[in-house]
Amino acid sequence: MTMVRVRFAPSPTGQPHIGWARTALFNWLFARHFGGTFVLRIEDTDQKRSVEGAAQVFDDAFSWLGFTYDEGPNKDGGFGPYLQSERLANHLAVRDRLLEEGKAYPCFCSPETLDAGRAEDRRLGRPPRYPATCRSIAAEEGRARIAAGEAHVIRLKVPPEGRLVVHDLIRGDVEFDLAVLDDFVLIKADGTPTYNFAAVVDDAQMAISHVLRADEHLSNTPKQLLLYQAMGLPAPAFAHVPMILAPDHSKLSKRHGATPIAEFVAQGFLPEAVVNYLMMLGWNPGGDREFLTLDEAAELFTLERVQKNPAVYDTQKMTWMNAHYLRALSEDELWRRTLPFLSAQKLLAEPVSAELGAYARSALSLVQSRVSTLAEAADAVRFFFEEPREFDPAGVAKHLARPGTAGHLTALAGRLAQTDFSAGALETALTELAAELGVSRAELIHPARLAVSGKTVGPGLFEMLAVLGAKGTVDRLHAAAKMAAP
RNA sequence: GACCCCAUCGUCUAGAGGCCUAGGACGUCACCCUUUCACGGUGAAGACCCGGGUUCGAAUCCCGGUGGGGUCACCA
């Protein structure tokens, strides 16, 4: 088999989002599976839309996701440059050759004329096509007008009829009628190449063997095939992967479900969970298996198992998967990953002492099975670092309103003050006190939980108190006694 | 509108003519565990878009319809 070289060619506009990540991931998986090379090329041909520092943004996204390109900006593999705008000379050289060989020609029609033509086509209900007006201009005259500085674009001579078939590795053969294509633009009036032209020239020169890209590009493929023919070069294999759709089944857009990677980072998602979720959107290893590492997926990844139909992106399932990975984290790992969230919320300041670190670790493991993201973990552990500022109103009404509760809390505070702060000893002490007071354990447990955490839900009371410690526990029980019914 | 792609529970999917009484996961609901909430466990409801063929037999193959999506630029 020939050397597998795939590329991911994003435009530098906007933030990398999930659709972006999924396509990049499939390319990476495919490259790894076949021991090939994954190339990143930034398609910044449209100057108006380029964004400064795009390469850095991509690098950050890749480094979080946990996989990256083998060749790209700052990672020369001998096929650079990897910024499309820097490949202009190559594009123009190909343009010149096509012009010389009579496969392309200059077009002097004004945008207004073309717009009018398209409007007319639409009105008459036929597909809008460029009428090839300038195709008949003699090469000599064309050269003269260009030399005279007349505004022009360069167009490809497209055969007026015939059929073209795209051998798609996922969809099989897809046939297109050349009659629906027109002599499309290769070089714009400002002298820069169009997407289709630049992409084809670059893919060819970068020796790309397989083009794996989103389904939306399938309609572009015949144009690109025509270009390979004109250039006299073999086309790469194509595979169009299904798109990811927003929950309302519409195309992902900034306004609509295309959550930026940075947003997942900020919400405390784990990259291994996001990647696992994403790889299963439109692909699966067969059977019921759903948890895979990147390496395992690379081993198993084949285009045969890529879905043909688009997948709707479901936050709930991704959140579930994140919670699953979160629960599997070791105490140290959970602490290490949650630390940035804790310090962002000013719950502790770095550097953290060994003692405080141990305390945080214990607190964190108590909430581990109860949260879905790192941000939630930081939040759930808040009361271990500061006294509760507010108390759940329903909880107050339910657990602090019973007459005698204030006395019970005071008694509990007194009893616990003399107790060893281990979960076992605390439980024994509370159980004994409940018996002495003639109340159920629950009548002590619920008010106590509310007193120390402000909430009605959370970790087991005794484990919680054991971590919180005597001082914090006793103070909070006394404070709550003042709010409780006497 | 034209062209192209697609079609299994609400969602992600298994399924490559008989193994399907259509399996799994998320979500939903119940129950168990339990000091609360989670976790975990058990169970329930829930789908082959419709219509024609082909075949002894179709979720699987073919055709048509319908529905959804994409593309129709001097944007990528």
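Residue numbers start from 1 in every chain, and the chains themselves are labelled A, B, ... in the order their sequence lines are given, proteins ahead of strands. Small disclaimer: the values here were computed from a predicted structure and weren't measured.
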Check your understanding: What integer number of Å spans the P atoms of B/rA16 and B/rC61?
Key -> 11 Å
Review point. Across the strands shown, which category fits A/Thr456 at heavy-atom distances under 4.0 angstrom: base, sugar-phosphate, nothing?
Key: base
Practice item. Answer with base, sugar-phosphate or nothing: what part of the nucleic acid does A/Phe176 contact at a heavy-atom distance below 4.0 Å? Key: sugar-phosphate
Exercise for review: Look at all strands and tell whether A/Pro459 reaches a base, only sugar-phosphate, or nothing, counting heavy atoms closer than 4.0 Å.
Suggested key: base
Review point. Reckon A/Glu304 touches a base, only the sugar-phosphate, or nothing at all at heavy-atom distances under 4.0 Å?
Key: nothing
Check your understanding: A/His240 near the nucleic acid: base, sugar-phosphate alone, or nothing, with a heavy-atom cut-off under 4.0 Å?
Key -> nothing
Review point. Do A/Trp320 and A/Phe291 have their ring centres less than 6.0 Å from each other?
Key: yes
Review point. With A/Phe26, which of A/Phe301, A/Phe8, A/Trp283 fulfils ring pair (Phe, Tyr, Trp, His ring centres under 6.0 Å)?
Key: A/Phe301
Review point. A/Arg449 side chain: which of B/rU35, B/rA38, B/rU71 is closest?
Key: B/rU35
Exercise for review: Both distances under 3.5 Å, Watson-Crick or G-U wobble: report the partner of B/rC74, or none.
Suggested key: none
Study note, to complete from the structure: Atom CG of A/Leu281 and atom P of B/rA25 are separated, to the nearest Å, by 18 Å
**Study point:** Distance between P atoms of B/rC6 and B/rC62 (Å, rounded)
**Key:** 11 Å
Check your understanding: Any idea which of B/rU8, B/rA73, B/rG23 is nearest the A/Asn309 side chain?
Key -> B/rU8
Check your understanding: Now, which nucleotide makes the Watson-Crick or G-U wobble pair with B/rG67, with each of the two distances under 3.5 Å?
Key -> B/rC6
Exercise for review: Walk me through it: do A/Asp215 and A/His240 pass the test side-chain hydrogen bond (donor to acceptor under 3.5 Å, both in side chains)?
Suggested key: CA-CA 5 Å; A/Asp215 201 14; A/His240 289 91; 5.8 Å; no
Practice item. Taking only the side-chain heavy atoms of A/Leu461 (C-beta and beyond), determine which of B/rU35, B/rU13, B/rG27 contains the nearest atom. Key: B/rU35
Practice item. Scan A/Lys103, A/Arg155, A/Arg135, A/Lys223 and name whichever one has a salt bridge (Lys or Arg N to Asp or Glu O under 4.0 Å) with A/Asp183. Key: A/Arg135
Review point. Using a cut-off of 4.0 Å on non-hydrogen atoms, how would the nucleic acid contact of A/Ala311 be classed: base, sugar-phosphate, or nothing?
Key: sugar-phosphate
Point to revise | Candidate nucleotides B/rG70, B/rG27, B/rC74, ranked by approach to the side chain of A/Met243 - the nearest | key: B/rG70
Practice item. Please state the C1' separation for the pair B/rC39 and B/rC32 - nearest whole angstrom. Key: 14 Å
Review point. Nearest to the side chain of A/Ser369, which nucleotide is it out of B/rC39, B/rU35, B/rC6?
Key: B/rC39
Practice item. Look at the side-chain N and O atoms of A/Arg305 and state whether any lies under 4.0 Å from the OP1 or OP2 oxygen of B/rG15. Key: yes
Practice item. Would you kindly check whether a donor in the side chain of A/Lys317 faces an acceptor in the base of B/rA25, or vice versa, at under 3.5 angstrom? Key: yes
Exercise for review: Between B/rC74, B/rG40, B/rA25, spot the one nearest the side chain of A/Glu290, thanks.
Suggested key: B/rA25
Exercise for review: Would you mind telling me which of B/rG40, B/rU13, B/rC26 lies closest to the side-chain atoms of A/Arg327?
Suggested key: B/rG40
Practice item. Just name whichever nucleotide pairs with B/rA59, Watson-Crick or G-U, keeping both distances under 3.5 Å, else none. Key: none
Study note, to complete from the structure: Rounded to whole Å, the CH2-P distance (A/Trp320 to B/rA38) equals 18 Å
Check your understanding: Between B/rA73 atom P and A/Asn220 atom CG, what is the distance in whole Å?
Key -> 11 Å
Exercise for review: Sort out the partner of B/rA25 for me: Watson-Crick or G-U wobble, both distances under 3.5 Å, none otherwise.
Suggested key: B/rU11
**Study point:** Atom-to-atom span, CG of A/Asp168 to P of B/rG70 - whole angstrom
**Key:** 18 Å
Exercise for review: With C1' as the reference atom in both, quote the distance from B/rU60 to B/rG53 in angstrom, rounded to an integer.
Suggested key: 15 Å
Practice item. Answer with base, sugar-phosphate or nothing: what part of the nucleic acid does A/Val153 contact at a heavy-atom distance below 4.0 Å? Key: base
Point to revise | Donor-acceptor pair between A/Asp202 and A/His91 side chains, under 3.5 angstrom | key: yes
Exercise for review: Write down the distance between CG (A/Asp173) and P (B/rC6), rounded to a whole number of angstrom.
Suggested key: 12 Å
Practice item. Quick one: label A/Gln368 by what it contacts on the DNA or RNA (base, sugar-phosphate, nothing), any heavy atom closer than 4.0 Å. Key: nothing
**Study point:** For atom CD of A/Glu463 and atom P of B/rC37, their distance in whole Å
**Key:** 15 Å
Review point. Looking at A/Phe108, is A/Arg145 sitting on its ring face, NZ or CZ under 6.0 Å from the six-membered ring centre and within 45 degrees of the normal?
Key: yes
Point to revise | Short side-chain N/O contact from A/Gln307 to OP1 or OP2 of B/rA7, under 4.0 Å | key: no
Point to revise | Upstream residue (5' side of RNA chain B) when A/His446 and A/Asp314 are each assigned their closest nucleotide | key: A/Asp314
Point to revise | Between B/rC3 (C1') and A/Asp215 (CG): distance, integer Å | key: 14 Å
Point to revise | Contact under 4.0 Å: A/His324 side-chain N or O vs B/rA25 OP1/OP2 | key: no
Exercise for review: Among B/rU36, B/rU35, B/rC39, find the nucleotide with the atom closest to the side chain of A/Val457.
Suggested key: B/rU36
Practice item. Determine the contact category for A/Lys251: base if any of its heavy atoms lies under 4.0 Å from a base atom, sugar-phosphate if only primed atoms, P, OP1 or OP2 are that close, otherwise nothing. Key: sugar-phosphate
Practice item. Provide the distance between the two C1' atoms, one in B/rC4 and one in B/rG46, to the nearest whole Å. Key: 33 Å
Point to revise | Stepwise side-chain hydrogen bond (donor to acceptor under 3.5 Å, both in side chains) check, A/Arg213 with A/Thr221 | key: CA-CA 11 Å; A/Arg213 66 209 335 180; A/Thr221 313; 3.3 Å; yes
Review point. Looking only at atom C1', what distance separates B/rU55 and B/rC72, rounded to whole Å?
Key: 41 Å
Exercise for review: Looking only at side-chain atoms of A/Ser219, point me to the closest of B/rG70, B/rC74, B/rA25.
Suggested key: B/rG70
Practice item. Under 4.0 Å between any heavy atoms, over every strand shown, what does A/Gly282 touch: base, sugar-phosphate, or nothing? Just pick one. Key: sugar-phosphate
Review point. Do A/Tyr195 and A/His217 have their ring centres less than 6.0 Å from each other?
Key: yes
Exercise for review: Sticking with atom P, work out how far B/rG27 lies from B/rG65, rounded to a whole angstrom.
Suggested key: 40 Å
**Study point:** Check: A/Thr431/A/Thr428 side-chain N/O donor and acceptor closer than 3.5 Å
**Key:** no
Exercise for review: Using only heavy-atom distances, determine whether the side chains of A/Asn27 and A/Arg7 contain a donor-acceptor pair under 3.5 Å.
Suggested key: no
Check your understanding: When you check the phosphate oxygens OP1 and OP2 of B/rC72, does a side-chain N or O of A/Lys223 lie under 4.0 Å from one of them?
Key -> no
Practice item. Let me know the distance between CG of A/Leu292 and C1' of B/rU13, rounded to the nearest Å. Key: 14 Å
Check your understanding: For atom C1', what is the distance between B/rC63 and B/rA2, given to the nearest Å?
Key -> 22 Å
Exercise for review: Check whether any side-chain nitrogen or oxygen of A/Arg118 sits under 4.0 Å from OP1 or OP2 of B/rC74, and answer yes or no.
Suggested key: yes
Point to revise | Options B/rU13, B/rC4, B/rU11, nucleotide nearest the side-chain atoms of A/Leu218 | key: B/rC4
Review point. Considering heavy-atom distances to RNA chain B, does A/Arg441 or A/Asp288 have its closest nucleotide positioned more toward the 5' end?
Key: A/Asp288
